[in-house]
There are 2 protein chains.
Amino acid sequence: MRRTSFKRMRCPIARSLERVGEWWSILILRDALRGSTRFDQFQKRLTIAPNILTRRLRALVDAGLLERSLYSEHPPRYEYILTPAGRDFQPVIVALLTWGNAHCAPEGPSVILAHAPTGKIADPVLVDRNTGRRITQHEFEFVPAAASKGRRGRPTAASKRTAEQRSPDAR
Amino acid sequence: MRRTSFKRMRCPIARSLERVGEWWSILILRDALRGSTRFDQFQKRLTIAPNILTRRLRALVDAGLLERSLYSEHPPRYEYILTPAGRDFQPVIVALLTWGNAHCAPEGPSVILAHAPTGKIADPVLVDRNTGRRITQHEFEFVPAAASKGRRGRPTAASKRTAEQRSPDAR
């Protein structure tokens with residue numbers, strides 16, 4: 001349904017969107033991460049038209065996020081298993097969940113993330129694995145990969161933002 | 001262009017997608033997080049048709065992710081500033097970037113995340129703020145918010161997965 005292609009863009013975000021396909025694909029991945037593998041399971045959870053589901057599953061297989069595997073020979077039946085790339089998509093889904101709970105659930109969250117062995121509710125945040133720092137818009141920024149090598153320590157848009165924000169305290 | 005509405009779904013992921021609108025909106029938010037505020041800046045970076053950009057910006061304002069603000073009176077000119085909800089969308093964009101760099105950049109990443117004050121490359125990972133545990137598909141799972149209260153410690157689909165995965169080591 002979407003006509004514009006982001007294929008030519010070099011940005012990894014645009015490429016991710018291009019590869020995933022569209023909104024339905026994200027909900028299919030969500031359900032796959034929750035354990036759905038069969039056509040009927042996806043259809044029941046998503047209440048999606050069968051022809052759209054067929055098309056989206058095929059696209060996710062072509063994109064390398066799901067793998068189609070025969071689980072019954074007579075009649076032939078397939079299930080859809082997450083590939084490593086599909087499993088790696090989990091942080092995107094979790095980030096969407098967190099945002100949705102914060103900003104689209106006025107009546108309170110309906111779905112949350114929990115630590116399975118203990119059942120405790122999780123509070124997902126992004127941190128930099130190298131330093132443990134929480135990733136915020138003021139301290140972290142997107143930079144061209146090539147440029148990053150030669151600019152360590154140089155002030156950037158985000159460091160200037162941080163400095164501006166800090167100045168009232170420094171007075 | 002997308003006809004299906006996810007409005008009625010209670011899932012926070014579906015609601016987030018519904019509220020954001022479509023792929024273009026994510027790229028507009030990406031550029032807003034990188035500092036773009038003006039129509040011309042968005043248009044130049046995105047190479048998007050003006051009528052589509054106008055429509056997407058308006059939708060993001062209506063959705064409460066951007067705020068329209070007059071910066072010149074003669075002629076009247078507006079800029080688009082991220083609201084708190086818009087800034088909070090950053091982890092979704094960062095998660096998409098990370099996934100794209102891992103799975104859609106065979107020639108190496110073109111854009112990365114860096115810690116602005118030091119210029120050091122960041123490695124974004126999702127952790128549970130309560131425990132510091134890294135969020136993985138095997139240990140964390142989506143659960144209905146109401147159910148989570150009464151089920152602490154009970155085995156769940158993900159804890160069974162973890163147990164299955166662990167069994168070879170336990171032999």
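The shortest distance between side-chain heavy atoms of P12(A) and S110(B) falls below 4.5 Å. Side-chain contact between V20(B) and L96(A): absent, with no pair of heavy atoms (C-beta onward) separated by less than 4.5 Å. For the pair I112(B) and F142(A), the minimum side-chain heavy-atom distance is 4.5 Å or more.
For D128(A) and H115(B), the side-chain atoms include no donor-acceptor pair closer than 3.5 Å.
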Please evaluate residues I135(A) and Q90(B) with respect to the criterion side-chain contact (heavy atoms from CB on, under 4.5 Å), reporting the C-alpha separation (whole Å), side-chain torsions for both, the decisive distance (0.1 Å), and the verdict. CA-CA 9 Å; I135(A) 290 171; Q90(B) 190 215 27; 4.0 Å; yes
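For the set L82(B), T136(B), V111(B), the count of heavy-atom pairs under 4.5 angstrom toward chain A peaks at V111(B). Among the candidates C104(B), G100(B), A95(B), C11(B), the residue making the largest number of heavy-atom pairs closer than 4.5 Å to chain A is C104(B). Per-residue heavy-atom pair counts under 4.5 Å with chain A were compared for R87(B), E107(B), R133(B), and the maximum is reached by R133(B). With respect to chain A, the highest number of heavy-atom pairs below 4.5 Å among N130(B), N101(B), L27(B) belongs to L27(B). Comparing V92(A), V127(A), T98(A), T47(A) by how many heavy-atom pairs each has under 4.5 Å with chain B, the most go to V127(A).
At a 4.5 Å heavy-atom cutoff, I48(A) makes no contact with chain B through either its backbone or its side chain. Looking at T131(B), neither its backbone nor its side chain comes within 4.5 Å of chain A, counting heavy atoms on both sides. Only the side chain of L65(A) comes within contact range of chain B, judged by heavy atoms closer than 4.5 Å. Heavy-atom distances place both the backbone and the side chain of R15(A) under 4.5 Å from chain B. In this structure, the portions of R10(B) lying under 4.5 Å from any heavy atom of chain A include both its backbone and its side chain.
Annotation: the span from L17(B) atom CG to W24(A) atom CH2 amounts to 10.5 Å, rounded to 0.5 Å. Here the OG1-NE2 distance, from T83(A) to H103(B), works out to 7.5 Å after rounding to the nearest 0.5 Å. In this structure, CD1 on I13(A) lies 8.5 Å from CG on D31(B), to the nearest 0.5 angstrom.
Remark: side-chain polar atoms of W23(A) are paired, donor with acceptor, to backbone N or O of G21(B) under 3.5 angstrom. Under a 3.5 Å cut-off, the side chain of W99(A) and the backbone N or O of A85(B) do form a donor-acceptor pair.
Scanning both residues, P117(B) and E139(A), for their nearest heavy atoms gives CD-O, 3.5 Å. Minimum interatomic distance between V125(B) and R129(A) (heavy atoms only, all atoms of both residues): CG2-CB, 3.9 Å. Contact record, M9(A) with L46(B): CE-O, 3.9 Å, taken as the closest heavy-atom pair. A114(B) approaches V143(A) most closely through the heavy-atom pair CB-CG2, 3.8 Å.
Linking Ile, Leu, Val, Met, Phe, Trp and Tyr residues whenever their side-chain heavy atoms come within less than 4.5 Å leaves F39(A) and Y78(A) in two separate clusters.
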